[in-house]
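A short worksheet on the structure shown next.
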Amino acid sequence: MKKILNWLKGPKSDFILFIALLILLNIVSSNLFVRFDLTKPNSYSLSKGSQTLVKNLEQPLSVRVFFDDNLPATYENVAQYVKDILVEYKGAGNKNFTVSYMDMSKKENVKLAQDLGLQQIQIQEVKNNEVGFKQGYMGLVITYGDNIEVLNPITTTDGFEYKLTSKISKMVTMADALAGLKNGQKIKLTLYLSDDLKRFGISGLDQAQEIVKNAFDKINKENMDRLEFQVVNPNASEAEILSEKYGIQVIQYQDANGNVRKGAIGLILENGDSFYQLPFQIQQSFFGYIVTGLETVDTSITEGLQSLLSNITKIGYITGHGELDKSDENGAKNFQTMISGMYELVDIDLNKESIPAGMNSIIINGPQNDYTEEELYKVDQFIMRGGNVLFFIDGMSMDSTAQYTGGQVFTPNVLNINRLLDSYGVKVENNLVFDKKCYVAQDQNFGKMNLYWAPTLQKEQLAKKNPITNNLGYVIMIQNSALDASKAKEDKNVKVTVLAKTSDEAWTQTENIMLHPTMLTPPSDKSKLKSYDLALMLEGKFKSAFDKAPETSQTDDEGNPLPQGELETSSHVAESVMPGKIFVIGSSTVTTRQVIDENATTPIAMFFMNTLDYLNGNEDLCVMRSKSLSVNTLEIKSMAAANFWKFFCQYGLVVILIIVGLLVLRSRSLRRRAINKKYNPNDSRTITKSTK
């Protein structure tokens with residue numbers, strides 16, 4: 001024992017003890033995983049919402065990763081990012097969360113991926129100076145209870161956490177909702193199909209019932225057998241009723257005797273009083289009439305179930321004053337599609353109804369006509385009771401009758417809705433804002449053209465500490481009017497945040513506005529250029545725009561005045577009883593397809609989704625959605641500067657490296673000579689210059 005202790009104390013044991021220490025450190029580190037995320041938006045860390053979700057799972061949830069090996073560098077980075085984030089999920093989750101990585105070199109795993117519905121993607125790779133293509137898997141399969149969902153393909157890191165967390169959240173919510181159905185209660189899937197339509201030889205119609213039934217059997221099995229399926233053959237009168245109730249397609253045709261008949265076709269999911277219409281109808285193509293929606297009917301049913309059971313937040317959409325139509329492709333249809341995964345827009349005609357008591361937010365999008373006093377009062381009192389409002393107000397309206405001039409002529413959009421905003425301290429100016437820092441379009445005839453009415457806002461023009469814009473790299477606005485919130489900033493009860501503003505090289509116009517690059521020139525006088533506020537968020541308690549409720553004529557069902565009672569009642573709220581939020585932007589065009597694409601991938605789409613989340617208490621989703629690194633862009637102040645840095649990076653760094661290398665080499669040579677001269681001056685191997 002004494003020899004062992006002496007050996008341990010001696011130098012001979014140092015190496016062995018060092019190896020043992022390394023082994024112990026590896027064992028400890030395998031159980032104590034620590035990562036440091038140094039990226040500004042915390043791109044490689046989980047948001048609180050994701051952590052809470054996986055931490056509170058009540059049933060086993062498994063994530064199976066199907067990624068091929070030896071992917072090209074671009075896709076390999078995506079695979080590594082997915083792996084790193086899933087490590088974060090695993091670390092935050094409880095015992096019910098598991099992750100497994102499938103070895104795609106095994107045939108059984110390839111077959112499993114195919115059976116689960118994963119699709120291969122075509123991957124381009126370069127080998128031996130040749131470009132080739134191969135098929136590969138890049139997807140996830142999430143299993144929760146009997147429900148299986150696929151996230152595929154995953155070819156980019158953009159929004160990965162948001163997509164995965166949203167998918168898991170919907171699965172958990174749907175499973176809980178299905179488990180909560182009363183005994184015997186089932187969700188109905190009804191195929192409405194008039195048999196007479198089958199004689200017209202419509203492509204896919206004969207197979208429609210079988211295809212829908214097969215999809216139903218598969219999904220019903222995955223969802224605890226809580227669905228039921230039926231086929232209804234509606235006659236002409238029933239077709240009209242079904243169209244009014246569900247909005248399904250009505251088909252008009254002539255029978256063998258030449259009589260006009262009507263049939264119907266549609267696919268409806270129904271749970272109690274709620275229903276969801278699936279994409280399933282007849283369309284005319286180049287090759288004749290076809291049934292659309294059959295190829296994705298299983299996906300549509302799953303998405304319909306999620307929408308039906310996920311308790312989507314309803315947001316009021318005010319109508320009746322020339323607002324943008326949310327079902328019109330040229331209107332706000334893309335805006336509605338963008339938010340449909342999280343929110344449902346519900347039309348509200350304030351002239352006929354009040355804002356529902358349980359509604360948290362409403363949208364006023366591009367009104368062109370005045371409101372009645374009663375309508376304004378309803379909006380005002382909604383805010384006084386803690387409601388949230390998104391105002392998309394145009395300071396200038398386009399005169400459509402002047403289209404023949406070859407451009408768009410704008411006139412001041414003077415509306416009484418501005419009375420409300422004025423009372424809350426915000427003024428929408430009757431102008432259009434133009435900015436030198438704008439979107440640049442490429443034209444075949446004119447080359448690069450500056451669209452001055454589409455300002456490109458970089459990070460410094462966006463609110464840095466607000467979750468709506470904190471992680472956005474840039475945002476492109478369009479046809480904005482300037483906002484003035486000077487009065488609101490004086491109110492101590494209201495917090496004003498400038499979410500977006502132009503650069504310092506912006507200007508405004510109030511007349512002779514023609515949106516054509518060749519007809520717009522920035523002011524030569526630089527004193528006329530400055531920054532303008534484009535989007536504001538007001539939070540706090542507001543004062544009512546009304547001293548009292550407007551007087552209304554009380555009549556009975558026959559229009560006769562009601563007798564005055566002895567009691568006088570009033571529910572007027574003069575000041576906010578609960579804090580509310582007001583979002584204001586001087587443009588409704590920002591909600592159209594001009595800047596919002598169908599897939600809602602543009603920065604402005606993220607901006608508005610984050611705004612809705614912020615207003616509805618879902619701030620964690622803002623962080624998840626916009627933490628993608630790809631939205632960060634370089635700011636180019638001038639083409640000369642851009643070209644300088646381009647050539648500097650290509651050639652300048654190489655030249656600097658060569659110069660530094662030569663200087664280091666020269667320095668070392670001089671140092672060697674100095675040492676040799678000092679300590680060995682008579683070394684015969686050194687050639688020195690003789691002096692006489």
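- Aromatic ring orientation, Phe648 versus Phe644: parallel (interplanar angle below 30°, classes split at 30° and 60°).
- The closest side-chain heavy-atom distance from Thr497 to Leu536 is not below 4.5 Å.
- The backbone N or O of Ser47 lies less than 3.5 Å from a partner atom in the side chain of Glu161, making a donor-acceptor pair.
- Looking at Thr508, its side chain never comes within 3.5 Å of a backbone N or O of Leu432 through a donor-acceptor pair.
- In the displayed structure, Glu76 atom CD is contacted under 6.0 Å by more than 12 heavy atoms of other residues, nucleotides or ligands.
- Heavy-atom minimum distance, Val54 versus Tyr89: CG1-CD2, 3.7 Å.
- Cation-pi check for Lys581 over Tyr614 is met; the charged atom lies under 6.0 angstrom from the ring centroid and within 45 degrees of its normal.
- Taking 4.5 Å as the limit, some side-chain heavy atom of Leu520 sits within range of a side-chain heavy atom of Trp453.
- Note on ring orientation: taking the six-membered ring where Trp is involved, the planes of Phe608 and Phe335 are perpendicular (angle over 60°, cut-offs 30° and 60°).
- Screening Lys163, Lys167, Arg64 for a salt bridge (Lys or Arg N to Asp or Glu O under 4.0 Å) with Glu149, the sole residue that qualifies is Lys167.
- With a 6.0 Å radius and a threshold of 12 heavy atoms from other residues, nucleotides or ligands, Lys646 has its NZ atom at or below the threshold.
- Considering Leu483, Asn480, Asp484 as possible partners of Glu429, the one that fulfils the side chain to side chain contact (heavy atoms under 4.5 Å, CB included) test is Asp484.
- At least one donor-acceptor pair under 3.5 Å links the side chain of Ser503 to the backbone N or O of Glu505.
- Between Asp613 and Arg625, at least one side-chain N (NZ, or NE/NH1/NH2) sits under 4.0 Å from a carboxylate O, which counts as a salt bridge.
- Heavy atoms of other residues, nucleotides or ligands lying less than 6.0 angstrom from OH of Tyr439 number 12 at most.
- Residues Leu140 and Leu118 share a closest heavy-atom pair of O-CD2, 4.1 Å.
- Nearest heavy atom pair, residue Ile142 against residue Met171, reads O-CE, 3.5 Å.
- Within the 6.0 Å centre-distance limit, the rings of Trp507 and Tyr452 are counted as a close aromatic pair.
- At a threshold of 4.0 Å, the pair Arg593-Asp597 does not count as salt-bridged, since none of the basic side-chain nitrogens sits closer than that to a carboxylate oxygen.
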